[in-house]
Amino acid sequence: MVVGLKMVDSIVVKVGSKIFSSVSNLLKHAAKSKNLRHATQIHSQIVTSNEASLGNINSLLWVYAKCGSIDSTLLLFATTPLASSNVVSWTTLISQLSHSDNPSRALTCFNRMRRTAAVCPNHFTFSAVLPACAHPPLLSHAQQIHALLLKHGFHSDTFIATTLVDTYANCASMALAQNVFDQMPHRNLVSWNSLIVGFLKNKLYFRAIGVLRALLQKTELFPDQVTFSSVLSACAGMVELGFGKQLHGSVVKRALVGFVYVKNSLVDMYCKCGVFQDAAKLFCDGGDRDVVTWNVIIMGCVHGLNFEQACNFFMDMIREGVEPDETSYSSLLQVSASLAVLAQGTLIHGRVLKTGRLENPCVLSSLVTMYGKCGSLSDAYRVFGEAKDRNVVCWTAMIAVFHQHGCGNEAIELFEEMLREGVVPEYITFVSVLSACSHTGKVDDGFRYFNSMANVHCIEPGLEHYSCMVDLLGRVGRLEEAWRFIESMPVKPDSSVWGALLGACGKHGNVEMGEEVAERLFKLEPDNPGNYVLLSNIYTRHGMLEEADEVRRLMGINGVRKEIGCSWIDVKNMTFVFNADDRSHSRTQEIHEMLQKLKELIKTRGYVSEIQFATNSVEGSEEQSLWCHSEKLALAFGLLVLPPGSPVRIKKNLRTCGDCHTVMKFASEIFQREIIVRDINRFHRFTNGSCSCRDYW
DNA sequence: CGTGGTTGCC
């Protein structure tokens, strides 16, 4: 805090209780406190007292850099001719620009320095400018600077060559990085670590481990905490528990577990490898923890679907006085989304706003997804629409939300808008877009987008995309084409691809193909009850009851059980859970009376029970078993206890059944209620007798 | 040179 500025012969300033008598001390203090106001005061004093020596100007440039004020730096530079002929001044400017939001200005400056000012770069200049090209689109600039530093003879400088390895790695050019590394006459541990980190950043985990092996075999160097936190991260990426445990041993032996970076990597490695107990043991070892340690363990819970435990850790974290950061909020939003608890999600949204964290792209995308998964399309779209910066993940999230809510056309329109805005789509974006095409029956558009993946966007389609295409063809009944499409795939079809085709066979009642596809699926995933149910339903619909029974027997032989249908509904602050055939609720009597009344009402309007959905029931009692489905029980309860006119929100653990879907449509009209059913993969919003999914799910 | 992170088909 500047208490007073007093001019004597030289500058004397009282800062707090300390007296500073030289410009250089003043500047040091300003740099340390990052006080921009203080710096500008010194600036004007330097100018008025004629102390604008090159040394002072360069120090001041450095202080402005510390304060992060690019405008001040540029102004000082422009108004001081002395600086424009000095390599230190230029280097300070370039370094600051390299680390700014728009690093390409550092390159412009670098070129101006050489061409216009004819100042020769030194090795500080090279290490300042290289980070400015550390992005894939700027690879050619990195190569130009590489050529230049070869000309200046700096390539054998260990520090510069290491910076170059890092730069090429950040340009996603590991071949070039490796080449520079191989030609280095001397390598220190930082050089080795840079190469490891490079492979790590480019997800070439196996190569990162390979570099560690070479480091151990070929050199006398000792890997340090940076080495270990990086290779552990590679193990986490590979889900390689065996080697990860070995590394843990080395970490203990070398007494590096006290470094919080190393510990965090270890905890994360155990979480990602699915051994949460080992992660928790390490987490609780009494050593240092920081916000990342907490985030890692919280994400570990989310990964293991232990949502309640994730919330408990989050509360412990706050109790221990650790301030949650963007990652913490993003994880908690994922919890709210997974549990579809809108109230909790909204609470976190408020907290995010209060702490000014909506700018963060991860938080933003998680928030959009949370509202989507909690059933509020309008809130998701509002958050998306009001966002300032939207990256491809955020767009992808919104596209997916539209799709989950049955708005396939809107999803596709949004994708087109995204392309018009110049946002580059990625792998997952196409999963949602192709699914949207499938659900809206847009076969030609689907193929156009599918082909554009490789041809326009350089994305190799994966199994997820192939499944979408099979679904796309299968849904509109082009089953033979779908089969041929599978045969033409360059990769081996997996259960998701065959599963899409079996679903289509079910929808279109193709017994022969269904049998053939189901046989493959029974081999690929004998434990998945869905395939048995689908085939059995195909048989039932064709009156092939013996064959249907045979499939049920096969299920028994293979020890596969159909998951019990379960629906739940929130009333005030209580959650009421209904299993199929549930008679445990105290108001069961009223619930069944309500259902009986509903059945009679809708029968007069043309409802015929769709008994093919009555699986697992004794012949003759199919209709009765249909009316004991969990979502119907939850609906009846909701109609009984919720105030008239308020929406009925039901969540279900499985796909909703066709008969229930029909009943919900009728009920929404008769009771003039909005009924929202979230099943395992989408939302059904019933209003006035129709569903948002347009009966296509 | 270093830990954690957002989005998905069915």
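This structure is a prediction, so every number in the text was calculated from the model and none was measured. We name chains A, B, ... by the order of the sequence lines, and we start the count at 1 in each one.
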**OP:** State whether a side-chain donor-acceptor pair under 3.5 Å links A:Y427 with A:E464.
**Re:** yes

**OP:** Quick one: label A:E426 by what it contacts on the DNA or RNA (base, sugar-phosphate, nothing), any heavy atom closer than 4.0 Å.
**Re:** base

Original post:
When all nucleic acid strands are considered with a 4.0 Å heavy-atom cut-off, which category describes A:D268: base, sugar-phosphate, or nothing?
Top reply: sugar-phosphate

**OP:** Give the rounded distance in Å between these two atoms: CG of A:D166 and P of B:dG2.
**Re:** 6 Å

**OP:** Confirm from the modelled atom types if A:S432 and B:dG8 form a donor-acceptor pair under 3.5 Å, side chain to base only.
**Re:** no

Original post:
Just checking A:R682: base, sugar-phosphate only, or nothing, at a heavy-atom cut-off of under 4.0 Å?
Top reply: sugar-phosphate

Original post:
When rounded to the nearest 0.5 angstrom, what distance separates CE in A:M513 from CG in A:L502?
Top reply: 11.0 Å

Original post:
Over how many whole Å does the gap from A:L534 atom CG to B:dC10 atom P extend?
Top reply: 14 Å

Subject >> side-chain N/O A:R390 vs B:dT6 OP1/OP2, d < 4.0 Å >> reply: no

Original post:
The side chain of A:V226 lies closest to which of these nucleotides: B:dT6, B:dC9, B:dG2?
Top reply: B:dG2

**OP:** Check every strand shown and say whether A:T327 touches a base, only sugar-phosphate, or nothing at a heavy-atom separation below 4.0 Å.
**Re:** base

Subject >> Nucleotide nearest A:V431 (side chain, heavy atoms from C-beta), chosen from B:dG8, B:dT3, B:dC1 >> reply: B:dG8

Subject >> N/O donor-acceptor pair, side chain A:E326 with base B:dG5, under 3.5 angstrom >> reply: no

**OP:** Report which part of the nucleic acid A:S467 touches: base, sugar-phosphate, or nothing (heavy-atom distance under 4.0 Å, all strands).
**Re:** nothing

Subject >> Nearest-nucleotide pick for A:C362, side chain only, options being B:dT6, B:dG2, B:dT7 >> reply: B:dT6

Original post:
Would you say A:S432's side chain and A:T429's backbone share a donor-acceptor pair under 3.5 angstrom?
Top reply: no

**OP:** Could you tell me whether A:V197 contacts a base, only the sugar-phosphate backbone, or nothing, with contacts defined as non-hydrogen atoms closer than 4.0 Å?
**Re:** sugar-phosphate

Original post:
Can you check the A:R475 CZ to B:dC10 P distance for me, whole Å?
Top reply: 6 Å

**OP:** Measure from the side-chain heavy atoms of A:S233 and tell me the nearest of B:dC9, B:dG2, B:dT3.
**Re:** B:dT3

Original post:
Within the structure shown, what part of the strands sits under 4.0 Å from A:A400 by heavy-atom distance: base, sugar-phosphate, or nothing?
Top reply: sugar-phosphate

Original post:
B:dT3 base to A:S229 side chain: any donor-acceptor pair below 3.5 Å?
Top reply: no

Original post:
B:dC1, B:dC10, B:dC9: which one has an atom nearest the side-chain heavy atoms of A:S435?
Top reply: B:dC9

Subject >> Selection from B:dT6, B:dC9, B:dG5 that lies nearest to any side-chain heavy atom of A:M299 >> reply: B:dG5

Original post:
Among B:dC1, B:dG2, B:dC9, which nucleotide sits nearest the side chain of A:S194?
Top reply: B:dC1

**OP:** Hey, can you tell me if A:H661 and A:H684 have their rings parallel, tilted or perpendicular (30° and 60° cut-offs)?
**Re:** perpendicular

Subject >> Minimum side-chain heavy-atom gap A:F384-A:V401 below 4.5 Å >> reply: no

**OP:** Report yes if at least one side-chain N or O of A:Q225 is closer than 4.0 Å to OP1 or OP2 of B:dC1; otherwise report no.
**Re:** no

Original post:
Is any side-chain nitrogen or oxygen of A:K201 closer than 4.0 Å to OP1 or OP2 of B:dG2?
Top reply: yes

**OP:** Please work out which of the three classes, parallel, tilted or perpendicular, describes the rings of A:Y466 and A:F485, given edges at 30° and 60°.
**Re:** tilted

Subject >> Whole angstrom value for the distance that separates C1' of B:dC10 from CD1 of A:I486 >> reply: 14 Å

Original post:
NE2 of A:H403 versus P of B:dG8: gap in Å, rounded?
Top reply: 10 Å

Original post:
Does the side chain of A:Q344 pick up a donor-acceptor pair with the side chain of A:S336 at under 3.5 Å?
Top reply: yes

Original post:
Between A:H465 and B:dC10, is there a side-chain N or O to OP1/OP2 distance below 4.0 Å?
Top reply: no

Subject >> Distance in angstrom units between A:H684 NE2 and B:dC10 P, rounded >> reply: 11 Å

Original post:
Is it the case that A:T167 and A:N170 place a side-chain donor and acceptor less than 3.5 Å from each other?
Top reply: no

Original post:
Which nucleotide in the list B:dG2, B:dG5, B:dC10 gets nearest to the side chain of A:R655?
Top reply: B:dC10

**OP:** Using a heavy-atom cut-off of under 4.0 Å over every strand shown, decide if A:D471 touches base, sugar-phosphate, or nothing.
**Re:** nothing

Subject >> Nearest-nucleotide pick for A:T396, side chain only, options being B:dT3, B:dG8, B:dT7 >> reply: B:dT7

Subject >> Protein-nucleotide distance (A:M174, atom CE; B:dC1, atom C1'), rounded to Å >> reply: 12 Å

Subject >> Under 4.0 angstrom between A:K272 side-chain N/O and B:dG5 OP1 or OP2 >> reply: yes

Original post:
In whole Å, what is the span from the CZ atom of A:F222 to the C1' atom of B:dC1?
Top reply: 19 Å

Original post:
At under 4.0 Å, does any side-chain N or O of A:K373 touch on OP1 or OP2 of B:dG8?
Top reply: yes

Original post:
How is A:N360 classified with respect to the nucleic acid when contacts are heavy atoms under 4.0 Å: base, sugar-phosphate, or nothing?
Top reply: base

**OP:** Ignoring the backbone of A:N391, work out which of B:dC9, B:dG2, B:dT6 is nearest its side chain.
**Re:** B:dT6

